[in-house]
Protein chains: 2
Amino acid sequence: MKAKKLADFELLMLEKSESLKTNQWVYRLLRTNLLCGKIEPGLPLTIRGLAEALDVSPMPVREALHRLACEGAVEVKNNRRVIVPQMTVEKFNELCALRILLESHAAETASPYITEQHITKLQEIDARIDLAIEQEDSVNISLINQEFHRSLYSANPFQISVPLIESVWLQLGPFSQIAIAKLEKTYIVDRHIEAINALKQRNTFALRRAIEADIRDGIASIRSVEGIPGYFEGNTQTQPGG
Amino acid sequence: MKAKKLADFELLMLEKSESLKTNQWVYRLLRTNLLCGKIEPGLPLTIRGLAEALDVSPMPVREALHRLACEGAVEVKNNRRVIVPQMTVEKFNELCALRILLESHAAETASPYITEQHITKLQEIDARIDLAIEQEDSVNISLINQEFHRSLYSANPFQISVPLIESVWLQLGPFSQIAIAKLEKTYIVDRHIEAINALKQRNTFALRRAIEADIRDGIASIRSVEGIPGYFEGNTQTQPGG
DNA sequence: GCGAAAATTATGTGATCACAAAAAATGTTA
DNA sequence: TAACATTTTTTGTGATCACATAATTTTCGC
């Protein structure tokens, strides 16, 4: 058994547009790859290694990594090594609780600001989720699902909680992605219709319940995946590739 | 009326210990000064300006500022200018709601892990708050009060929400500090006793209520301060020093 | 062969420079 | 005097280098 190196990983690439600063490009690229589970927990990330892999200078990587550390997406150890954190049962439960807490609040406070345009946009996003489910494209299921939630909460122009929620997603993401990838297509249920219906009826309470149900449903799906306990920290023997 | 510059401000200094990295020292220093309201909202912060003021190279300031931006303590404008954000009524209300939401949850989940040692420590911290109130030391009232809450929540070894809560504090801090400084000593009530009693009785529900009451009380005090509406964005005419 | 010590390499942090873009200051004209 | 154009200064970003420390490899003694 050999320890995996950064070079062994095939990163999902993003095209770098002109106006985008290099550090932001690196940040988004790493962020997306972490959320997709492309970079597995425990893997040490080095500034120079990433800089070489992405063909940029170390400086923008340095800033991107610091930001990710600040958001809890990566963990800085005492020996200043940066790794993708392992998931534990307790952490998972706490992160799920925080998702429900923050997101049902965000949905509730966004509700009064929802316009017809918002609903149309959310329906369009939801259609794209269905497509991703149909194609069993687990990476896009996650990414577009987040887009749905973010769009909903951001309808509130005074929204503060989105960055906090995104931090929770980032900590939950790499792990849940592994689970989603293992889910059968038929087990993924689209609960967003209920949320959209609540929005149409301008029923704040129903919206809150729909979002809560959506999150709980996703968590239950993850928990139902065969062999998921093996992915928690300390159960390395059941992890694949070990 | 002349726009204030960074050089006009007298920063609260922290001694730099040997093991502390420069960037962390700068970070903590800026963080403390922001929380104390030493740096007033709207003031543009520049890397070189701060580096000169603190007699360090621009690099550690750069990292510290980026981290503060990531935590919402400072705001990066479109023209990449970094300023201390202005407070608005809506933001204030939302931040207060998030405090209650997150902190009552954090208190509840920490409750089962509380030991006698924790209680003793919290009582010791609370005594220091009373001293700060007695001395009308508004900066220390804030800082030690935060220490109390952080200590309580951190009793849970699997606590995830503390960084999120600290982010809310940072966004609320500069503003509420202005209010606390204006409060008469007699109007500051120490509600922590109720929390400590709840802990002694191992009554999770009472603890939750005590923390909620403590936060609501603080907010009410801030709202009660004469002339506070003038500090919200858009009411510059009533702000002092203008 | 094997463990400890020493040398070597890798890595994060901080400093300095170059550059493009944004702000501010200055000059110009009506 | 006010409004616009031009120049100058300021500022953030990225690149490169130096340095201390942590990790790794090699060497040496038994």
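So you know, we letter chains A, B, ... as the sequences are listed, proteins then strands, and number each from 1. Note that these values count all heavy atoms, side chains included, but never hydrogens, waters or copies made by symmetry.
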Contacting residues from residues 64-73 of chain A, given that a heavy atom lies under 4.0 angstrom of DNA chain D: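 Output list: empty, so none.
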
[X] [atom1] to [N] [atom2], straight-line distance once rounded to whole Å:
X       : N      : atom1 : atom2 : value
B/Ile47 : C/dG14 : CD1   : C1'   : 14 Å
B/Arg62 : D/dT11 : CZ    : C1'   : 11 Å
B/Lys16 : C/dT13 : NZ    : C1'   : 11 Å
B/Leu20 : C/dG12 : CG    : C1'   : 15 Å
B/Glu63 : C/dG14 : CD    : C1'   : 8 Å
A/Gln24 : D/dG12 : CD    : C1'   : 12 Å
A/Asn78 : C/dT13 : CG    : P     : 13 Å
A/Ile83 : D/dA23 : CD1   : P     : 12 Å

Options [options], nucleotide nearest the side-chain atoms of [X]:
X       : options                : value
B/Asn23 : C/dT13, D/dA15, D/dG12 : C/dT13
A/Thr46 : C/dA18, C/dG12, C/dG14 : C/dG12
A/Met59 : D/dT16, C/dG14, C/dG12 : D/dT16
B/Arg81 : D/dT11, D/dG14, C/dG14 : D/dT11

Most 5' of A/Arg48 and A/Lys21 on DNA chain C, judged by nearest nucleotide: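 Taking each residue's closest nucleotide, the earlier one in sequence belongs to A/Arg48.
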
A/Val82 vs B/Pro58, nearer the 5' end of DNA chain C by closest nucleotide: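 Going by which nucleotide is closer to the 5' end, it is A/Val82.
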
Matching residue for A/Arg28 among A/Asn23, A/Asn33, A/Leu14 - test: side-chain contact (heavy atoms from CB on, under 4.5 Å):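 When A/Asn23, A/Asn33, A/Leu14 are each tested with A/Arg28, the side-chain contact (heavy atoms from CB on, under 4.5 Å) holds only for A/Leu14.
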
Heavy-atom closest contact (A/Phe158 atom, B/Glu94 atom, distance):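 It is O-CG, 3.9 Å.
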
Results of salt bridge (charged side-chain N to carboxylate O under 4.0 Å, His left out) for A/Glu124 - residues two or more places apart only: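 Testing A/Glu124 for salt bridge (charged side-chain N to carboxylate O under 4.0 Å, His left out), a comparison that skips the adjacent residues, returns A/Arg128.
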
Phosphate OP1/OP2 of D/dG14 contacted by A/Ser57 side-chain N/O (<4.0 Å):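 For D/dG14, neither OP1 nor OP2 has a side-chain N or O of A/Ser57 closer than 4.0 Å.
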
N-O pairing of B/Glu166 and B/Arg31 below 4.0 Å: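 Salt bridge: yes.
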
Pairing of A/Glu71 and A/Arg67 as salt bridge, 4.0 angstrom limit: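 Salt bridge: yes.
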
Check: A/Ser151 side chain, A/Glu147 main-chain N or O, donor-acceptor pair, under 3.5 Å: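 Yes.
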
Backbone of A/Pro60 reached by a side-chain donor or acceptor of A/Lys21 within 3.5 Å: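 Not a single qualifying donor-acceptor pair exists.
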
